[in-house]
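Here's the structure we're looking at; comments come further down.
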2 protein chains.
Amino acid sequence: MDQFQSTQPIYLQIMALIKRQIATAQLRPGGQLGSVRELAMNYQVNPNTVQRALSELEREGLLKSDRTVGRYVTDDLSMIEALHRSLFLEATSRYVDEVNELNVSADEAIKAVRIQLKGENT
Amino acid sequence: MDQFQSTQPIYLQIMALIKRQIATAQLRPGGQLGSVRELAMNYQVNPNTVQRALSELEREGLLKSDRTVGRYVTDDLSMIEALHRSLFLEATSRYVDEVNELNVSADEAIKAVRIQLKGENT
DNA sequence: ATTATTGTATTAGGTACTTAATACAGTAGT
DNA sequence: ACTACTGTATTAAGTACCTAATACAATAAT
């Protein structure tokens, strides 16, 4: 499906992708994931790489696995909300740090964000 | 000096760091850099890793090297301005993309940026 | 019972990055 | 001339990540 960047481990990129999909309910709470082999086909990567990403997400509590049936998204809604909030805050914090390091004023930064955000809406 | 993350090649992180310092004139146009061996000491990495970062920056035109004297920041002010603009735009664009993918509204995002930016000023 | 599919584990090989240890050519300062 | 510093190059080793090719136990569907 997608292509991945070579500057970061693929399994981390897959983790981030699935986290986003969980946080935005593109993967619904309690919903089933494709199998390791299916996802590997879709992502065009080795099944082992998918396996690694998924087991890490499971370790974080976002996924559950039934050994012989498949994998499911957690149905803990508060955890999903917390995930969404966390991804949003981390993105914002990262951006603010970058902007500060570039000595860009608050007004300039807010203006730039507003322009790009408005420009991309339909 | 700093520590580096393990999820991205160190030489790329050093490149990004030096780019920021050039863009904000912490490294002044035409100014001299520390030697490969000095920087390796400061960054706590191998000289080869510094060498790689610096030669890539040179390939991009941001640094110049005198083989037996040392390395200098470019004195092309328009290039430095373009670098600053580019780093700022890329950061903003990256943030806007992330926010869109999280289905966060423009108003929410701008509000979050404003709060964090104001909160961090002295 | 048999078949297909699930997650999981293992072994091997290749590539990129990093480190370590040198070495060399050129120049500035003495 | 000598010394100390530049950038640069090379060789070897270790680690992390990715891929490939299997294999196994467990279950759902038939």
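Numbered from 1 within each chain, the chains take letters A, B, ... in sequence-line order.
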At less than 4.0 Å, is any side-chain N or O atom of S65(B) found next to OP1 or OP2 of dG7(D)? Yes or no. no
Measure from the side-chain N and O atoms of Q51(A) to the backbone N and O of V36(A), and report whether any donor-acceptor pair falls under 3.5 Å. no
Starting at atom CE of M15(B), determine the distance to atom P of dC17(C), rounded to an integer number of angstrom. 12 Å
Which one, dG7(C), dC17(C), dT10(C), comes nearest to the side chain of R52(B)? dC17(C)
CD of E38(A) versus P of dG7(C): gap in Å, rounded? 9 Å
Which listed nucleotide (dC17(D), dC17(C), dT19(C)) is nearest to the side chain of Y11(B)? dC17(C)
Nucleotide nearest T68(B) when distance is taken to its side chain, options dT27(C), dT19(D), dA25(D): dT27(C)
Mind calculating the distance between CD (E58(A)) and P (dA9(C)) to the nearest angstrom? 10 Å
N46(B) CG to dT8(D) P, straight-line distance once rounded to whole Å: 16 Å
Would you kindly compare R71(A) and S6(A) by the position of their nearest DNA chain C nucleotide and give the one closer to the 5′ end? R71(A)
Can you tell me the distance, in whole Å, between the NZ atom of K64(A) and the C1' atom of dT6(C)? 18 Å
For N48(B) and dT10(D), what is the distance between atoms CG and P respectively, to the nearest whole Å? 12 Å
Atom CG of L54(B) and atom C1' of dT6(D) are separated, to the nearest Å, by 13 Å
Side-chain donor/acceptor of Q13(B) to backbone N/O of Q8(B), under 3.5 Å: yes
Both I10(A) and D66(B) contact DNA chain D. Taking the nearest nucleotide for each, which residue is further toward the 5' end? D66(B)
Among the candidates dT10(D), dA28(D), dA23(C), find the nucleotide nearest to the side-chain atoms of R37(B). dA23(C)
Taking dG7(C), dC17(D), dA25(C) as options, the one with an atom nearest any side-chain atom of R67(B) is dA25(C)
Q51(B) CD to dT22(C) C1', straight-line distance once rounded to whole Å: 15 Å
Paired with I18(A), the side chain to side chain contact (heavy atoms under 4.5 Å, CB included) test is passed by just one of V73(A), L62(A), L54(A), namely L54(A)
Is it true that E56(B) and R52(B) have a side-chain N and a carboxylate O under 4.0 angstrom from each other? yes
Contacts of E101(A) that satisfy salt bridge (charged side-chain N to carboxylate O under 4.0 Å, His left out) - sequence neighbours left out: R20(B)
